[in-house]
Amino acid sequence: MADGGTPRVLVVWCPDWPVVAVTGDDPVAVTEGGRILACSAGARAAGVRQGQRLKLAQRLCPALELRDRNPEAETRRFEPVVAAVAAFTPRVEVIRPGLCAIPVKGPGRYFGGEEALASKVWMAVATALAQEPIPDAVRDGDAVPAAAVPAAVPGEAALPTTPTTPTTPTTPTTPTTPHAQVGVADGLFAAVLAARAGVLVPAGRTAEFLAPYPVSALGDEALAELLGRLGLPTVGAFAALPPAAVADRFGPAGTVAHRLARGLQPRPLVPRAEGPDLAVEQCFDPPEPLAEPLVFVARTLAERLHQRLAGAGLTCQRVAVEVACADGRTASRLWRHEGRLSATALAERVRWQLQAWQSAGTFTVAQDGQDTQDTPDTGFTLLRLAPDGLSPDEGRQLALWGQAVADDRVERAVARVQAVLGHAGLRRIEPAGGRGPAEQAVRVPWGEPYEAAAPADAPWPGRLRDVWPTVVLRDPAPVRVLDEAGRPVTVDGRAGVSARPALVVVRGREERVEGWTGPWPAVEYWWDQSLARRRARFQVAVGGGRALLLTVEGGAWYLEAGYD
């Protein structure tokens with residue numbers, strides 16, 4: 001334990017893991033929700049960044065290959081890494097594919113200290129990523145070259161002034177050559193940043209390590225924006241404020257962020273009496289030879305788990321997925337929960353984990369069409385979901401007049417559809433910030449929490465009137481806009497139109513313009529040269545009672561949406 005009861009945590013981080021899980025030639029990027037989720041080194045060198053719009057990323061890197069995110073492949077490929085870390089302690093917590101954590105206290109003592117533990121974990125993970133068996137020397141205590149792991153920050157030396165600069169030796173990688181970094185610090189939040197920086201932060205000096213980071217690293221965009229306006233741009237400046245003043249000014253969310261900034265746990269430790277066992281499980285007799293039925297059972301178990309937690313007034317930070325086989329083998333894996341996963345989302349993660357175990361050869365189960373009488377010692381005998389890291393549930397206010405009953409019917413119907421299409425096969429529409437119609441709505445898998453990157457109700461200069469088009473193109477189509485003389489219509493920097501639009505040429509077909517309105521100019525990200533863009537939108541009425549939404553950017557016209 002560090003000062004204040006904060007446990008020491010070791011984090012293993014595999015950069016750009018969503019890219020590692022897909023196939024493609026460099027440069028390649030993985031997309032989610034219409035934005036760049038992760039990109040390869042070649043794409044990053046061309047200016048592609050996480051969170052960018054696809055159109056901007058392709059403009060910066062025309063050769064960029066786009067791939068949809070594949071959570072199942074990410075989990076399956078990450079399983080050998082988790083298994084390598086689990087050789088040092090069974091308490092491996094999967095935060096997400098590509099990022100896992102373990103407590104340092106017990107393993108550190110057994111393996112000769114934090115530096116020795118980090119060295120051995122790094123070597124084991126590097127071997128697993130190379131798809132080679134883990135050498136016995138890693139587990140038996142033989143020395144590992146010091147240059148293979150992040151350098152520990154000496155107790156007397158100054159901490160890094162540039163947290164984003166890793167201290168690990170790096171080599172050029174490709175999308176198919178993954179690598180890992182290891183970091184140790186007080187608490188999970190700081191340990192994740194330490195892994196990204198590739199350092200071992202001495203106990204008690206986590207606040208000093210966090211001090212140079214921007215306040216946006218705390219994960220609360222609204223709080224970070226407010227702190228920036230108040231003249232507190234860094235974590236260290238925010239941590240220097242008195243805790244009582246932070247609680248009065250910023251409320252519970254600010255208090256949690258302030259504790260993180262000081263290198264403490266998100267909430268103080270509150271001892272409580274041992275409570276009831278809230279774990280749920282299902283036994284199979286005879287053993288279930290296939291993994292697919294366990295997914296349907298997992299949905300029922302997840303619902304029972306949520307009911308038990310709600311009945312006890314508790315929520316959990318993690319959920320342990322445990323399975324047992326007929327031959328006596330067992331396996332367990334922790335998944336981050338934080339009270340945000342629905343029953344459907346939790347069951348989906350059970351499916352990912354089962355597939356990862358099967359791909360890694362952890363269990364030998366029958367395949368579809370195989371005679372199970374030839375393999376009597378195979379099959380699953382137990383599936384168990386156990387909550388971990390319990391804390392009081394703050395609760396939520398439900399509506400009156402039967403709203404809860406209606407929501408329950410919707411959830412059951414959704415569960416049946418997702419059982420056929422998969423968890424991501426059914427999505428809901430959520431409002432989002434932006435100026436164009438394609439930016440103001442995002443599709444989110446049903447049951448997953450959603451936090452808008454930008455508030456939808458904020459002022460958006462240049463946004464269209466509240467008349468939504470009926471058809472929005474996924475990729476705007478190039479068009480030509482001509483005047484009566486057949487000359488191209490242009491828009492200058494002051495939003496002045498060169499001539500009245502008379503014709504719109506869409507895919508070689510001419511449409512006579514019967515009326516038009518605009519332009520609505522929009523200047524976006526003028527403070528960032530790599531993201532800055534200027535464009536203007538027009539609404540034009542054409543024959544047949546139809547209307548089109550056109551966009552002009554960089555002298556080129558595009559068809560963005562249509563009104564019927």
Side-chain angles (χ1 to χ4, degrees), residues 11-78 81 94-100 125-126 129-130 162-166 168-183 192-193 195-198 213-214 216-217 219 221 424 432 434 438-439 442-445 448 450-454 474-476 524-525 527-533:
V11 168
V12 177
W13 175 55
C14 299
D16 303 324
W17 192 256
V19 178
V20 174
V22 301
T23 58
D25 297 330
D26 200 11
V28 62
V30 174
T31 65
E32 186 178 49
R35 292 183 179 270
I36 300 297
L37 176 66
C39 58
S40 63
R44 193 176 297 107
V48 180
R49 295 292 184 269
Q50 183 181 7
Q52 281 183 347
R53 290 283 183 182
L54 303 186
K55 186 176 180 181
L56 175 59
Q58 290 177 316
R59 182 187 307 165
L60 296 171
C61 183
L64 182 67
E65 292 188 32
L66 299 179
R67 296 286 185 270
D68 292 332
R69 188 182 186 185
N70 190 340
E72 297 179 14
E74 294 176 27
T75 305
R76 185 171 59 253
R77 291 206 60 181
F78 194 56
V81 175
V94 179
I95 302 171
R96 63 175 184 271
L99 189 68
C100 64
V125 171
L129 291 174
T162 55
T164 56
T165 302
T168 44
T170 57
T171 56
T173 59
T174 65
T176 57
T177 308
H179 64 288
Q181 292 185 191
V182 178
V192 172
L193 295 180
R196 290 179 176 272
Y213 280 88
S216 58
E221 294 185 4
E439 302 169 351
V442 295
R443 297 183 298 172
V444 182
E448 288 283 0
Y450 171 71
E451 297 181 2
R474 184 183 300 271
D475 297 314
E524 305 177 31
Y525 299 103
W527 60 89
D528 189 339
Q529 186 63 31
S530 62
L531 300 177
R533 62 187 306 180

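Each residue takes its place number in the sequence, starting with 1.
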Contact list for residues 48-64, test side-chain hydrogen bond (donor to acceptor under 3.5 Å, both in side chains), sequence neighbours left out: R59-E553
How long is the straight-line distance from CG of N70 back to CZ of R77, given to the nearest 0.5 Å? 11.0 Å
Mind checking the CZ-CD spacing from R533 to E524? Nearest 0.5 Å is all I need.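 The CZ atom of R533 sits 5.5 Å away from the CD atom of E524.
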What one should report as the nearest heavy-atom pair of A43 and L64 is CB-CD1, 3.6 Å
Residues 11-21 side chain polar contacts: donor-acceptor under 3.5 Å, at least two apart:
unit_1 : atom_1 : unit_2 : atom_2 : d
D16    : OD1    : R44    : NH2    : 2.8
D16    : OD2    : R44    : NH2    : 2.8
W17    : NE1    : E74    : O      : 3.0

Between S40 (side chain only) and V28 (backbone N and O only), is there a donor and an acceptor less than 3.5 Å apart?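 Judged by distance alone, yes, a pair lies under 3.5 Å.
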Any side-chain to backbone donor/acceptor pair from E32 onto L37? Under 3.5 Å, distance only.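 No; zero donor-acceptor contacts below 3.5 Å.
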Within the structure provided, determine whether L66 and I36 are in side-chain contact (heavy-atom separation under 4.5 Å). yes
With a 4.5 Å heavy-atom cut-off, do V30 and D68 have their side chains touching? no
